[in-house]
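One structure, as structure tokens, below. Some questions next.
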Amino acid sequence: MKYVPGKTNAQETAVTRSAGVPPERPDAPAPHLAGTASAQISAERGTRARVARLILEHGPVTAAALGERLGLTPAAVRRHLDALLADGMIEPRTARPRGQRGRGRPAKMFAITDAGRSAFVHAYDDLAGSALRFLAERMGGEAVSEFARAQVSGLVSRLETLMREVPADQRVRVLAEALSAEGYAASATKTGKGGEQLCQHHCPVAHVAAAFPQLCEAETEAFARLLGTPVQRLATIANGDGVCTTHVSSHALAGRQARAHESSTTTSKETGR
């Protein structure tokens with residue numbers, strides 16, 4: 001339930017239907033003109049879905065950046081953004097200034113909304129939520145925690161051997177790729193203090209995790225186990241944040257802290273003799 005492979009085609013269909021593009025009728029006649037119109041509608045629908053997905057995975061993002069990534073003209077990008085804005089799929093935001101800026105207007109950026117994210121969410125939330133509530137009521141919260149750990153155990157078992165073979169400085173990237181393959185639109189970036197951030201721009205079960213944080217807790221435990229270093233969850237989509245963000249301590253820093261703790265413990269024992 002926590003790790004369900006992404007169904008990109010189904011997700012994009014949901015997005016484009018929500019974005020005001022009429023679906024094709026497979027049983028409709030297809031004369032030359034009708035076929036041309038049908039192809040145009042299909043292309044429009046596919047492009048709009050790609051715009052929505054890019055905003056989901058990389059937002060907040062500017063219209064110019066979207067145009068560059070998709071090879072679209074400013075007018076074409078604006079047309080798709082206007083449609084997504086009208087349907088409440090995305091929302092405009094003002095870029096936070098970084099250092100000194102000129103006198104020009106702050107860049108307008110676009111971010112996915114809850115409605116937009118919901119178009120990418122699998123349709124199993126209600127059933128999953130009901131099942132976990134039943135489990136919690138009958139067997140208690142610890143049963144939910146055990147269930148959550150069992151769900152992420154599949155990810156751990158698939159990656160554990162690989163992670164032992166991957167250099168420590170590449171493990172977060174490999175984990176991000178694995179999560180992306182399962183629908184989490186994950187990315188890995190270095191931080192200024194030698195650590196890394198693992199970001200998940202999409203969570204298929206965010207609504208369920210909002211009610212049952214044990215799912216996020218089990219996931220965080222699995223990350224620490226796979227990466228072999230302490231991790232700290234800084235933000236979650238389930239808690240209302242735009243992205244699930246996990247700070248991953250550098251292996252060098254974690255090693256120094258462990259040695260310092262061991263030395264301190266040894267000194268305390270010797271002092272207490």
Side-chain angles (χ1 to χ4, degrees), residues 1-8 10-12 14-15 50 52-61 69 89-91 93 109-125 128-129 148-149 151-160 162-163 166 170-191 195-249:
M1 194 177 305
K2 182 62 175 170
Y3 287 92
V4 181
K7 300 181 180 179
T8 304
Q11 292 170 343
E12 291 189 352
V15 171
R50 290 169 64 199
R53 176 166 283 278
L54 276 175
I55 294 173
L56 169 71
E57 295 181 357
H58 302 285
V61 62
R69 287 177 177 272
M89 306 287 285
I90 62 174
E91 61 184 5
R93 293 184 183 178
M109 308 184 82
F110 298 90
I112 205 77
T113 62
D114 287 341
R117 184 174 285 108
S118 294
F120 287 90
V121 173
H122 294 285
Y124 306 115
D125 275 6
R149 287 191 287 269
Q151 287 302 105
V152 297
S153 65
L155 178 75
V156 173
S157 62
R158 287 196 301 276
L159 294 180
E160 206 163 22
L162 174 62
M163 285 298 189
V166 172
Q170 297 296 318
R171 290 176 185 171
V172 180
R173 176 186 59 80
V174 171
L175 178 56
E177 291 173 354
L179 291 170
S180 292
E182 303 201 20
Y184 285 79
S187 62
T189 57
K190 302 286 186 181
T191 64
E196 293 182 77
Q197 276 196 351
L198 176 67
C199 293
Q200 296 157 265
H201 299 269
H202 177 50
C203 177
V205 293
H207 293 89
V208 180
F212 296 96
Q214 294 97 322
L215 295 174
C216 295
E217 292 166 4
E219 185 180 73
T220 305
E221 292 172 4
F223 290 170
R225 179 176 173 182
L226 286 169
L227 298 172
T229 189
V231 305
Q232 181 181 8
R233 188 60 65 95
L234 304 179
T236 63
I237 293 173
N239 197 40
D241 301 299
V243 179
C244 292
T245 305
T246 304
H247 174 75
V248 181
S249 299

**Between CD on residue E196 and CD on residue Q170, distance to nearest 0.5 Å** = 8.0 Å

**Request:** State the SG-CG distance between C203 and L179, to the nearest 0.5 angstrom.
**Result:** 10.5 Å

**Item:** Salt-bridge criterion met for E182 and R158 (N-O under 4.0 Å)
**Value:** yes

**Message:** I'd like to know whether Q214 forms a side-chain contact (heavy atoms from CB on, under 4.5 Å) with R149, so could you lay out the CA-CA distance, the side-chain angles of the two residues, the decisive distance to 0.1 Å, and finally the verdict.
**Reply:** CA-CA 8 Å; Q214 294 97 322; R149 287 191 287 269; over 6 Å; no

**Message:** Rounded to the nearest 0.5 Å, what separates atom CD in E57 from atom OG in S180?
**Reply:** 7.0 Å

**Asked** E177: what forms a salt bridge (charged side-chain N to carboxylate O under 4.0 Å, His left out) with it, not counting sequence neighbours?
**Response** R173

**Prompt:** Of all residues at least two apart in sequence or in a different chain, which pass the side chain to side chain contact (heavy atoms under 4.5 Å, CB included) check with S153?
**Reply:** none

**Asked** Which atom names give the shortest non-hydrogen contact between A222 and V156, and what distance separates them?
**Response** CB-CG2, 3.7 Å

**Request:** To the nearest 0.5 Å, tell me how far R171 CZ sits from L159 CG.
**Result:** 12.0 Å

**CD-CG distance between Q200 and L175, expressed to the nearest 0.5 angstrom** = 8.0 Å

**Shortest non-hydrogen separation from F110 to I55 and the atoms involved** = O-CG2, 3.5 Å

**Asked** What residues, two or more places apart in sequence or in another chain, satisfy side chain to side chain donor-acceptor pair (under 3.5 Å) together with E91?
**Response** R93

**salt bridge (charged side-chain N to carboxylate O under 4.0 Å, His left out) partners of E217, counting only residues at least two apart** = none

**Asked** How many angstroms lie between atom NE2 of H201 and atom OG1 of T245, to the nearest 0.5 angstrom?
**Response** 8.0 Å

**Asked** Closest heavy-atom contact between A52 and I112?
**Response** O-CD1, 4.0 Å

**Request:** Scan residues 198-213 for pairs that pass salt bridge (Lys or Arg N to Asp or Glu O under 4.0 Å), counting only residues two or more places apart or in two chains.
**Result:** none

**Prompt:** Looking only at heavy atoms, what is the nearest atom pair of A185 and H202, with distance?
**Reply:** CB-CB, 4.1 Å

**Asked** Does the side chain of V231 reach to within under 4.5 Å of the side chain of L198, using non-hydrogen atoms?
**Response** no

**Nearest atoms (heavy-atom pairs only) where V208 meets A128** = CG2-CB, 4.0 Å

**Asked** Hey, are the side chains of L215 and Q151 touching, using non-hydrogen atoms and a 4.5 Å cut-off?
**Response** no

**Complete:** Between V172 and A188 the two heavy atoms that sit nearest each other are CG1-CB, 3.5 Å

**Set of residues satisfying side chain to side chain donor-acceptor pair (under 3.5 Å) with respect to Q197, sequence neighbours excluded** = none

Side-chain donor-acceptor distances from residues 233-243 under 3.5 Å, at least two apart:
| from | atom 1 | to | atom 2 | distance (Å) |
| --- | --- | --- | --- | --- |
| R233 | NE | T246 | OG1 | 2.8 |
| R233 | NH1 | E219 | OE1 | 3.4 |
| R233 | NH2 | E219 | OE1 | 2.8 |
| R233 | NH2 | T220 | OG1 | 3.3 |
| T236 | OG1 | N239 | N | 3.1 |
| D241 | OD2 | T236 | N | 3.1 |

